[in-house]
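Only one structure is covered here, and it is reproduced in the block below.
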Amino acid sequence: GENVGLHLPTLSVQEGDNSIINCAYSNSASDYFIWYKQESGKGPQFIIDIRSNMDKRQGQRVTVLLNKTVKHLSLQIAATQPGDSAVYFCADLRNSGNTPLVFGKGTRLSVIA
Amino acid sequence: ETGVTQSPTHLIKTRGQQVTLRCSSQSGHNTVSWYQQALGQGPQFIFQYYREEENGRGNFPPRFSGLQFPNYSSELNVNALELDDSALYLCASSLSRGSYNEQFFGPGTRLTVL
């Protein structure tokens, strides 16, 4: 079935470097995406979202890029800090079907001090 | 402001037993969604409750059921537990149904089925 998935399960970056976390989706009807951060022992936390009529959206130290042609989105974290260490999920909000929000598998980001 | 809380934190059950998990929504929120997160996976939508009524259900069997109370807190009940039910169960509250971009998650209940 159609799903939202991630290219890499783990990512290690040096503190201060930029991080890029990728996500591929297959549902061409997807029109809204959310990135979540999940720290150990906690529930997912909303980071940033993007609608399909946009190709870029910026937040504080984070940028999400959406490429509808290849069904790919990415989360860029600038100047990665130890507090950014977590599992990151992309999620796809759907208007059809009985599952409104579909999460990908997740990428674990480890920041090396 | 009180965040989303869940109880218990951890729970161990055996196959065939029944379990009830509880969630208190954030102040002012009338919608609660429940998710199952297996180890190493993303959360999977179980169902949502809005003003005490079920408002959408994912691909989970009927032995997964829920309730929402007048104060908008919620329960997730699972009957006839199976080994594959072992997971982190998350609830999330939001101001209204459909506000998935504005839902706040609790820390989850870790259920282990032996």
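Heavy-atom pairs under 4.5 Å with chain A peak, among B:C91, B:G58, B:A92, at B:G58. With chain A as partner, the option from B:N101, B:T9, B:I46, B:L90 having the largest number of non-hydrogen pairs under 4.5 angstrom is B:N101. The candidate from B:P43, B:P107, B:G56, B:G40 with the greatest count of non-hydrogen atom pairs under 4.5 Å with chain A is B:P43.
At a threshold of 4.5 Å between side-chain heavy atoms, the hydrophobic network of Ile, Leu, Val, Met, Phe, Trp and Tyr places B:L83 and B:V78 in one connected group. Follow the hydrophobic side-chain contacts under 4.5 Å out from B:F47 and you never reach B:Y50; the two are in separate clusters. No continuous path of hydrophobic side-chain contacts links B:Y49 to B:L95 [ILVMFWY only; heavy atoms under 4.5 Å]. Under the 4.5 Å side-chain heavy-atom criterion for Ile, Leu, Val, Met, Phe, Trp and Tyr, B:L21 and B:V4 are members of distinct hydrophobic clusters. A continuous path of hydrophobic side-chain contacts links A:F33 to A:M54 [ILVMFWY only; heavy atoms under 4.5 Å].
Within 6.0 Å of atom CZ in B:R15, 12 or fewer heavy atoms from other residues, nucleotides or ligands are found, so the atom counts as exposed in its surroundings.
Considering only heavy atoms from C-beta on, B:F105 comes within 4.5 Å of A:Y36 through its side chain.
In this structure, chain B has heavy atoms under 4.5 Å from both the backbone and the side chain of A:L101. Interface residue B:Y35: only side-chain heavy atoms are found under 4.5 Å from chain A. Contacts between B:L88 and chain A at a heavy-atom distance below 4.5 Å involve the side chain alone, from C-beta outward. Interface remark: A:Q38 contributes side-chain atoms only to the contact with chain B (heavy atom separation under 4.5 Å). In this structure, chain A has no heavy atom under 4.5 Å from any part of B:Q44.
To the nearest 0.5 Å, atom CZ of residue A:F46 and atom CD of residue B:E102 are 8.0 Å apart.
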